[in-house]
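Since the structure comes first, as structure tokens, the remarks are kept for the end.
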Amino acid sequence: MLRVDPVAAAELAHALTLGDQALRALSPGATPVLWPEHFDLAITVDKVNYGVSPGDAYLAVPYAYVGPWEPRGGDFWNAPFGAARPLSELGGVVAAITGFFAEGRDRATIS
């Protein structure tokens, strides 16, 4: 029998809902994809991946990420794959997550 922790399920659903809204705000023409190998929700725009992960080996809590296909330098890029921020650090607010994605897009373009 499969047992589901209702608190963990609610946290996962909340993170993916926030991510979906933020990704659609960033790029209204894109359709977010739930990738089964990582269970993250993401889009790719101009060779940059944007997404929300429910947590993984890199960071155990839900987080937003920006992953340019080519490595970038600077303080913003704090993860081996680009940049990551816990959703809690972004206030768990769609506008803040979208702002993080937009900053990543701007920095990926100028780097």
Side-chain angles (χ1 to χ4, degrees):
M1 172 187 259
L2 175 66
R3 296 189 193 278
V4 176
D5 178 333
V7 173
E11 182 178 350
L12 173 63
H14 183 67
L16 294 177
T17 298
L18 290 174
D20 183 71
Q21 292 171 359
L23 292 166
R24 289 176 191 275
L26 177 73
S27 184
T31 301
V33 174
L34 183 62
W35 293 98
E37 65 273 13
H38 299 280
F39 209 64
D40 61 328
L41 187 69
I43 61 172
T44 300
V45 179
D46 297 328
K47 298 185 179 181
V48 179
N49 301 324
Y50 303 90
V52 171
S53 170
D56 54 26
Y58 173 73
L59 189 59
V61 297
Y63 65 91
Y65 65 85
V66 179
W69 293 8
E70 299 289 328
R72 302 295 196 269
D75 291 340
F76 181 81
W77 308 105
N78 65 337
F81 50 81
R85 303 289 186 278
L87 294 184
S88 62
E89 184 178 304
L90 297 171
V93 178
V94 172
I97 299 165
T98 305
F100 167 68
F101 290 152
E103 182 178 359
R105 178 192 57 216
D106 294 346
R107 288 175 180 261
T109 302
I110 62 173
S111 293

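Each residue takes its place number in the sequence, starting with 1.
Residues Leu90 and Ala64 share a closest heavy-atom pair of CD1-CB, 4.0 Å. When all heavy atoms of Ile97 and Ala22 are compared, the pair lying nearest together is CG2-CB, 3.5 Å. What you find for Trp77 and Gly104 is that their closest heavy atoms are CH2-O, 3.7 Å. When all heavy atoms of Leu23 and Ile43 are compared, the closest pair comes out as CD2-CG1, 3.8 Å.
Seen from the ring of Phe76, Arg85 counts as a face-on cation partner, given the 6.0 Å and 45° thresholds.
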When the side chains of residues 2-17 are checked against the rest of the protein, which donor-acceptor pairs come out under 3.5 Å, sequence neighbours left out?
{"residue": "Asp5", "atom": "OD1", "partner": "Val7", "partner atom": "N", "Å": "2.8"}
{"residue": "Asp5", "atom": "OD1", "partner": "Ala8", "partner atom": "N", "Å": "3.2"}
{"residue": "Thr17", "atom": "OG1", "partner": "Ala13", "partner atom": "O", "Å": "2.8"}

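Separation of the Phe100 and Tyr50 ring centroids does not fall under the 6.0 Å cut-off.
Hydrophobic clustering of Ile, Leu, Val, Met, Phe, Trp and Tyr side chains at less than 4.5 Å, counting indirect connections, unites Val52 with Phe39.
By the side chain to side chain donor-acceptor pair (under 3.5 Å) test, Asp20 pairs with Arg24, sequence neighbours left out.
In this structure, CZ in Arg72 is found 12.5 Å from CZ in Arg107, a value given to the nearest 0.5 Å. If you take OG1 on Thr98 and CZ on Arg105, they are separated by 10.0 Å, rounding to the nearest 0.5 Å.
Listed by chain and number, the hydrophobic cluster partners of Tyr58 are Leu59, Val61, Tyr63, Tyr65, Phe81, where partners are ILVMFWY side chains within reach of under 4.5 Å, directly or through others.
Around the CG atom of Asp75, the shell of radius 6.0 Å holds no more than 12 heavy atoms that belong to other residues, nucleotides or ligands.
The only member of Thr44, Asp40, Val66 that meets side chain to side chain contact (heavy atoms under 4.5 Å, CB included) when paired with Asn49 is Thr44.
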